[in-house]
Amino acid sequence: MTFRANMSLLTRFVLGLALIAGIVAIYWPGLNGAFLFDDAPNLEGLSTVSDLRSAITFMLSGEAGPTGRPIALASFLLHVDAWPDNPRPFLVLNLGIHLCNGFLVGLLAAMLARHSPRNTGGAATSFTPFIIAASIWLCLPLLASSTLFVVQRMTTLSAMLVLAGLVMHCYGRTRTVERPAYSVVFMTGGATVAMIMGILAKENAAVYGLIVLTLDRTVLSNLQQPSHYRLWRSVVIGMPVVALLAYLAYRFLTGIDEAGFEARAFDLGERLLSQGVILFDYLRQLLLPYSPTIGPFHDNYPLYGGLPQWIAALALLTWGVVGLAALALAHRYSVLSMAILWFLAGHIIESTWLPLELYYEHRNYLPSVGPAIAIALAVQVPQGSKRRLVLSGVVSYIAVLAFSLLQVTSLWGNPRIAAELWWARAPGSERAAQFLARYHLQENAAPVALRVLDKTSEQTPSRIILPLQALEISCSLDREQETQERHQRILRQAQRATFAGKPGFTANLLNGLIDDIEAGRCTALAAADISRLADELLRNHAVRASATAEASLHTVRARTARLANQSAIAAKHLLHALRLQPDPETARWAITMVRSAEQSTLADELVAELQHLARTTASTNAVWQEILSQAEQTRYRLHSQRTTDNG
């Protein structure tokens, strides 16, 4: 090996280490961050992990998506000892995953560069696109929340599996002619990693097939497509893509009837129009970031992005035209078309018509890879002054991104200051208000926390979560008249209230109020007042649209009935909850209430319900059989007692 070759390898190694060190240094302040709103609901089960059985239970208990995301949850088991007090170990591993993903992005760019029409230097030029793509993507400020928001490891881990699958695919794809069997093994392995393991980390890995088709249509279109490859692609890639599109079409058709949108403050049309504007907003923040507007709280994002409806419709139409143009001109403008189609494919699940929240920064984690690689491929120019000029511009651009990213991570790493700034920058955000109010409560400044919640509630008058939280604080401050007035306002609002997130959270707040009443911390309210709130919320259409929310409110009613020594009413509410959402603890509680009520008819209803659950819940059949046996014993005693009394 020549001296020049050795120096070239050394230079590449040093540049790679410098990139890693730079990204670690930029993200280092952010590792002092805090747990945020979605962390506890997804990770609170870590508190119960003590052995292999409980670890498996936690891994399989996920409710964040249809698959439960067991692979992502399994990764959190590494931090059992750190939960819930120390987010740093979680964030350190998140950063490690982000760095691995940066390497995969660079590797994918290098592989694609060899087949780009702009490649004039052959394989020798592959390191330049590697370092450019990895540097740009790792420095994107909009992706900071994906790493510094603990639970978004689901996103980054899923993306890592997709990127690994794409690398395997590209490696096999370039060998489909000379080594067909070898290439099929690699490509099938990549599809397995991405579309099975990736989906078990987070469901948006299902876009893998669309990205593969995008690459085939654009930067890999010059490669030969032998018949065995076309057959493989039709089966292994085509069928999952058809299944994904069919699912999205089904959700679109059901969304027309507002199925799934009942818990949202928007309908299908409003969400779709808003996403046209939001996609442009995402792209602007990716390419020309403005760090003060980057953060975790966007639940106050306005419909249509605050723009008139006709402009939102024009934005959506523009994306449609741009997408079709990218498809039509894919061979002529392969790099640009790849960037556009990758970006749109990456957003097809979370940023179209599914009834999800409008805006989340982490949705760009995988879609942003296409534009980053496209920039790296686009700057491939011959040696000379023009090349130096172009590379100088790219380096300057990366430096600007890195500086902006440092501003973002520094704020994330100081959560107390961040809480103030995020709330000030996101007026109307429930989550920003809750995050800041939590710090004021920790500082024994409950009146200040109350003002924060009230000020935000004024901007979202139809929502009920913040008023309920304010009610609890007001009651704890012994403001009797004010508390009763707040209770009456919420009572009038409950049936028509809207929710920024899941309506099931209302049950947690009502249970908190009951805890305060039982402990004597809230004397202005009684259990009967909480019963009335729960009854009104049970008439809310958004609550009725969510089995989880409705079931949890029935357990609240059962609790208030028990406090009033109304065991029969408590048992009836628990039966309702059990029919809506099978839960062993609810079933055991129902047995206790039936036994206390001494009503054999209730025992008959409970046994019938448990018999049905024992037949239909195969995975936990042993648990339900045990509970059914207890219920049958209770029924037998009650019927025997009734016979004795009649005799």
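No side-chain heavy atom of L341 sits less than 4.5 Å from a side-chain heavy atom of L210. Contact annotation: the side chain of I311 never approaches that of Y304 to less than 4.5 Å [non-hydrogen atoms, C-beta and beyond]. Looking at heavy atoms from C-beta onward, L248 lies in side-chain contact with L354 at the 4.5 angstrom threshold. W342 has its side chain within reach of L215: a pair of non-hydrogen atoms, C-beta onward, lies under 4.5 Å apart. Looking only at side-chain heavy atoms (C-beta outward), L366 and N204 stay at 4.5 Å or farther from each other. Put simply, the side chain of R363 reaches to within 4.5 Å of the side chain of L356, judged on heavy atoms. With contacts defined as side-chain heavy-atom distances shorter than 4.5 Å, the pair D38/Y360 qualifies.
Between E350 and R271, the shortest heavy-atom distance links the atoms O-NH2, 3.0 Å. Nearest heavy-atom pair, Y290 versus Q285, reported as atom, atom and distance to 0.1 Å: N-OE1, 2.9 Å. Here the closest non-hydrogen pair linking L377 and A109 is CD2-O, 3.7 Å. In terms of heavy-atom proximity, V408 sits nearest to P141 at CG2-CB, 4.2 Å. In plain terms, the two heavy atoms of L411 and L421 that are nearest each other are CD1-CD1, 3.5 Å. In terms of heavy atoms, P87 sits closest to G33 at CG-O, 3.1 Å.
A distance of 13.0 Å separates CZ of F130 from CG of L112, quoted to the nearest 0.5 Å. Rounded to the nearest 0.5 Å, atoms CG (L142) and OG (S291) are 11.5 Å apart. Summarising the geometry, atom CG belonging to L405 is positioned 12.5 Å from atom CD1 belonging to I398; distances are rounded to the nearest 0.5 Å. Residue I211 holds its CD1 atom at 11.0 Å from CD1 of I348, rounded to the nearest 0.5 Å. Distance check, rounded to the nearest 0.5 Å: OG of S351 to CD1 of I278 gives 7.5 Å. From C100, atom SG reaches atom CG of L95 across 9.5 Å, with rounding to the nearest 0.5 Å.
Listed for the T176 side chain is a donor-acceptor partner under 3.5 Å among the backbone atoms of R173. Judged purely by atom type and a 3.5 angstrom limit, T147 has no side-chain atom pairing as donor or acceptor with the backbone of A144. Panel note: side chain S75, backbone A72; a donor-acceptor pair is recorded below 3.5 Å. Remark: the backbone N or O of L358 is paired with a side-chain donor or acceptor of Q275 at under 3.5 angstrom. With hydrogens and angles disregarded, no donor-acceptor distance shorter than 3.5 Å links the side chain of R251 to the backbone of W353. A distance-only check finds no donor-acceptor pair linking the side chain of T156 to the backbone of S146 [under 3.5 Å]. In this structure a side-chain-to-backbone donor-acceptor pair under 3.5 Å is missing from D299 to S429. In this structure, Y171 contributes its side chain and F186 its backbone to no donor-acceptor pair below 3.5 Å. At distances below 3.5 Å, at least one donor-acceptor pair connects side-chain atoms of S183 with backbone N or O atoms of P180.
F297 and F435 have tilted rings, their planes meeting at an angle from 30° to 60° on a 0 to 90° scale. Using the six-membered ring where Trp is involved, Y229 and H169 have ring planes that are tilted, between 30° and 60° apart. Ring-plane geometry between H347 and F343 is classed as perpendicular, the angle between the planes exceeding 60 degrees on a 0 to 90 degree scale with a lower cut at 30. Using the six-membered ring where Trp is involved, W412 and W422 have ring planes that are perpendicular, over 60° apart on the 30 and 60° scheme.
Counting heavy atoms of neighbouring residues, nucleotides and ligands inside a 6.0 Å radius, atom CZ of F403 does not exceed 12 of them. In this structure, F103 places its CZ atom where only 12 or fewer heavy-atom neighbours from other residues, nucleotides or ligands lie under 6.0 Å away. In Y333, the OH atom is not crowded: 12 or fewer heavy atoms of neighbouring residues, nucleotides or ligands sit closer than 6.0 Å. Within 6.0 Å of the CD atom in E178, the count of heavy atoms belonging to other residues, nucleotides or ligands exceeds 12.
Ring pair F58/F76: centre-to-centre distance not below 6.0 Å.
A cation-pi arrangement is not found for R284 relative to F280, the charged atom failing to lie both closer than 6.0 Å to the ring centre and inside a 45° cone about the ring normal. In this structure, R416 fails the cation-pi test against W423, since its NZ or CZ atom is not both closer than 6.0 Å to the six-membered ring centre and inside 45 degrees of the ring normal.
Sorted by first then second residue, the ring-ring contact (aromatic ring centres under 6.0 Å, His included) pairs that include residues 135-163, not counting sequence neighbours, are F37-F149, H98-W137, W137-Y365.
Remark: the S145 side chain and the Q152 side chain contain no N/O donor-acceptor pair separated by less than 3.5 Å.
Under the salt bridge (charged side-chain N to carboxylate O under 4.0 Å, His left out) criterion, R233 pairs with D216, sequence neighbours left out.
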